[in-house]
Asker: 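This is the structure I have questions about; it appears just below.
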Amino acid sequence: MITLHDVIVLRARVADWKSQGKRVALVPTMGNLHSGHISLVERAKELADVVVSTIFVNPMQFGEGEDFDSYPRTLEDDQLKLEAAGNDLLFAPPVEAVYPNGKAQQTTVSVPGVSSILCGASRPRHFDGVTTVVTKLFNMVQPDVALFGEKDYQQLYIIRRMTEELSMPIDIIGCPTQRESDGLAMSSRNGYLTTEERHIAPRIYQILTSSAESIQSGMPFADVQQQALNALGEAGFSPDYFEIRDADTLLEPVESSDALVLLVAARLGSTRLIDNLRI
Ligand code: PAF
């Protein structure tokens, strides 16, 4: 596996692959890789001839007082994992290569409306940071296909919309959330949990599954939501939100909604966890 830090060298490598007719997949990450990320690389290998993963802890998607400085940076360990998974190229640019004029001066890509609800309501401008950096990574790597985890359901939805609305010729593939044996969705932020919090954390998925059962047995949505918020509070979480939404629009469900998604964000101590379940 090659590791590159320079955009010009990256472009030359990808151009060479493309001149040989190779299909290129991109797996964007912020590093500190776990089996969820590796499952994206494995799926990418099935969909393309070469796989480019990126590791970039993107300052533009972290708000004031969030964990940008403490976000785990584990490049050497990540390189070993990617190599073992058969990833072809790792692109790990320095901040100056991505934001040469500083992030305050950066041209921004923003998907209106949906970027300000749910996680966007509690993390203002977070999704503008995500869509801006993903656009930049798309322009740098020029992939045919890009893969993202369904754990970040709203992020995946926003990236799909951005790609479609900006006519980017890239297939966006969502991959299933990978879970620990007790149901906790894999996340780099799980490493922040204390032993006691790690014990409590799987409750979030249990509350999602029991809420899905309540919906399927006909309980009104408002009652399901209140029951879930109470259960999260009793377990020791401070919920940001627990919402039942149309899975295809992320808006409030309507009569014609084909599928629903339950979305939750909650703090456990200082760690903010998110999860979702489609029904
Ligand atoms: O999901 C993530 O790890 C990040 O939001 C992404 C897509 C790599 C953009 O920085």
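Residue numbers count from 1 along this sequence. Keep in mind it's a predicted model, so treat the numbers as computed, not measured.
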Asker: Between Gln154 (side chain) and Ile117 (backbone), is there a donor-acceptor pair under 3.5 Å?
Answerer: yes
Asker: Is there side-chain contact between Leu166 and Val109, with heavy atoms separated by less than 4.5 Å?
Answerer: yes
Asker: Look at Asp88 together with Lys22 and state whether they make a salt bridge at an N to O cut-off of under 4.0 Å.
Answerer: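 No, Asp88 and Lys22 are not salt-bridged.
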Asker: Honestly curious: do Ile244 and Ile274 fall in one hydrophobic cluster under the side-chain, below-4.5 Å linking rule?
Answerer: no
Asker: I need the single residue from His199, Gln206, Arg198 that forms a side-chain hydrogen bond (donor to acceptor under 3.5 Å, both in side chains) with Asp182. Which is it?
Answerer: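 So, applying the side-chain hydrogen bond (donor to acceptor under 3.5 Å, both in side chains) to Asp182 and each of His199, Gln206, Arg198, only Arg198 qualifies.
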Asker: Looking at Ser187, is its backbone amide N or carbonyl O close enough to the side chain of Lys151 to form a donor-acceptor pair, meaning the two atoms are under 3.5 Å apart?
Answerer: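 Side chain of Lys151 to backbone of Ser187: no pair is present.
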Asker: With a 4.0 Å cut-off, would you call Glu66 and Arg123 a salt bridge?
Answerer: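 Salt bridge: yes.
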Asker: Does atom CD of Glu196 have more than 12 heavy-atom neighbours from other groups under 6.0 Å away?
Answerer: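 Atom CD in Glu196 is not packed in, count stays at 12 or less.
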Asker: For a 4.5 angstrom cut-off between non-hydrogen side-chain atoms, does Leu90 reach Leu75?
Answerer: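 Answer yes - side chains close enough.
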Asker: Of all heavy-atom pairs between Ala146 and Ile170, which one has the smallest distance, and what is that distance?
Answerer: N-CG2, 3.9 Å
Asker: Under 4.5 Å between side-chain heavy atoms, counting indirect links through other Ile/Leu/Val/Met/Phe/Trp/Tyr residues: same cluster for Leu263 and Leu229 or not?
Answerer: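 Leu263 and Leu229: separate clusters.
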Asker: Could you check if a side-chain atom of Asp78 sits within less than 4.5 angstrom of a side-chain atom of His37, using non-hydrogen atoms only?
Answerer: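 No; the side chains remain at least 4.5 Å from each other.
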Asker: Mind checking whether Thr177 and Tyr153 have side chains closer than 4.5 Å, heavy atoms only?
Answerer: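 Heavy-atom side-chain distance check fails, nothing below 4.5 Å.
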Asker: Transitively linked via ILVMFWY side-chain contacts under 4.5 Å: Val14 with Val98?
Answerer: yes
Asker: Apply the side-chain hydrogen bond (donor to acceptor under 3.5 Å, both in side chains) test between Gln227 and each candidate in Ser211, Ser214, Ser210; give the one that qualifies.
Answerer: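 By the side-chain hydrogen bond (donor to acceptor under 3.5 Å, both in side chains) criterion, Gln227 pairs with just one of Ser211, Ser214, Ser210: Ser214.
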Asker: May I ask whether Leu277 and Leu273 are part of the same hydrophobic cluster, defined by side-chain heavy atoms of I, L, V, M, F, W, Y residues being less than 4.5 angstrom apart, directly or through others?
Answerer: yes
Asker: Has Ser39 got a side-chain atom pairing as donor or acceptor with Gly36's backbone, closer than 3.5 angstrom?
Answerer: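 Checking the backbone N and O of Gly36 against the side chain of Ser39, a donor-acceptor pair under 3.5 Å is found.
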Asker: What heavy-atom pair brings Ala44 and Val27 nearest, and what distance separates the two atoms?
Answerer: CB-CG2, 3.9 Å
Asker: Answer with yes or no whether the hydrophobic clustering places Tyr71 together with Met60; edges join I, L, V, M, F, W, Y residues whose side-chain heavy atoms lie under 4.5 Å apart.
Answerer: no
Asker: Let's go through Ser122 and Asp240 carefully: what are the C-alpha distance in whole Å and the side-chain angles of both, what is the deciding distance for side chain to side chain donor-acceptor pair (under 3.5 Å) to 0.1 Å, and is it a yes or a no?
Answerer: CA-CA 7 Å; Ser122 27; Asp240 262 6; 3.1 Å; yes
Asker: Do the numbers put Arg43 on top of the ring of Phe148, so that NZ or CZ is under 6.0 Å from the six-membered ring centre and no more than 45° off the axis?
Answerer: no
Asker: Please name the pair of heavy atoms, one in Asp258 and one in Asp248, separated by the smallest distance, quoted to 0.1 Å.
Answerer: CB-OD2, 4.4 Å
Asker: Given 3.5 Å as the limit, does a donor-acceptor pair link the side chain of Asn58 with the main chain of Met30, or not?
Answerer: no
Asker: Could you check whether any side-chain N or O of Arg278 sits under 3.5 Å from a backbone N or O of Ala259, counting only pairs where one atom can act as donor and the other as acceptor?
Answerer: no
Asker: Taking it one step at a time, do Thr3 and Gln79 satisfy side chain to side chain donor-acceptor pair (under 3.5 Å)?
Answerer: CA-CA 8 Å; Thr3 299; Gln79 281 172 313; 2.9 Å; yes
Asker: Should the pair Arg179-Asp275 be classified as a salt bridge under the 4.0 Å nitrogen-to-oxygen rule?
Answerer: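 Between Asp275 and Arg179 there is a salt bridge, with a charged N closer than 4.0 Å to a carboxylate O.
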Asker: Would you say the side-chain atoms of Asn32 pair up with the backbone N or O of Thr74, donor to acceptor, closer than 3.5 Å?
Answerer: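 Pair absent, no side-chain N/O of Asn32 close to backbone of Thr74.
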Asker: Tell me whether Thr29 contacts the main-chain N or O of Gly31 through its side chain, where contact means a donor paired with an acceptor under 3.5 Å.
Answerer: yes
Asker: Using the test ring pair (Phe, Tyr, Trp, His ring centres under 6.0 Å), find all partners of Tyr241 that sit at least two apart in sequence or belong to another chain.
Answerer: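 Tyr241 satisfies ring pair (Phe, Tyr, Trp, His ring centres under 6.0 Å) with no other residue.
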Asker: Is NZ or CZ of Arg203 both nearer than 6.0 Å to the six-membered ring centre of Phe237 and within 45° of the ring axis?
Answerer: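 Geometry flag: not set, cation outside 6.0 Å or 45°.
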Asker: Aromatic rings Phe56 and Tyr99: how do their planes relate, parallel, tilted or perpendicular, breaks at 30° and 60°?
Answerer: tilted
Asker: Is there a side-chain contact between Gln155 and Val134 (heavy atoms, below 4.5 Å)?
Answerer: no
Asker: Which pair of heavy atoms, one from Asn190 and one from Ala185, lies closest together, and at what distance?
Answerer: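 Between these two residues, the closest heavy atoms are ND2-O, 2.9 Å.
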Asker: Restricting to non-hydrogen atoms, name the atom on Met186 and the atom on Ser35 that form the minimum distance, rounded to 0.1 Å.
Answerer: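 Reported closest heavy-atom pair: SD-CB, 3.6 Å.
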Asker: Between Arg272 and Asp67, does at least one N-O distance fall below 4.0 Å, as a salt bridge requires?
Answerer: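 Looking at Asp67 together with Arg272, the answer is no, because their closest N to O distance does not fall below 4.0 Å.
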Asker: Is there a donor-acceptor pair closer than 3.5 Å between any side-chain N or O of Arg125 and the backbone N or O of Gly63?
Answerer: no
Asker: Between Asp246 (side chain only) and Val254 (backbone N and O only), is there a donor and an acceptor less than 3.5 Å apart?
Answerer: no
Asker: With side chains defined as the heavy atoms from C-beta onward, is the minimum distance between Val261 and Leu250 less than 4.5 Å?
Answerer: yes
Asker: For the residue pair Leu26 and Phe138, establish whether any side-chain heavy-atom pair is separated by less than 4.5 Å.
Answerer: yes
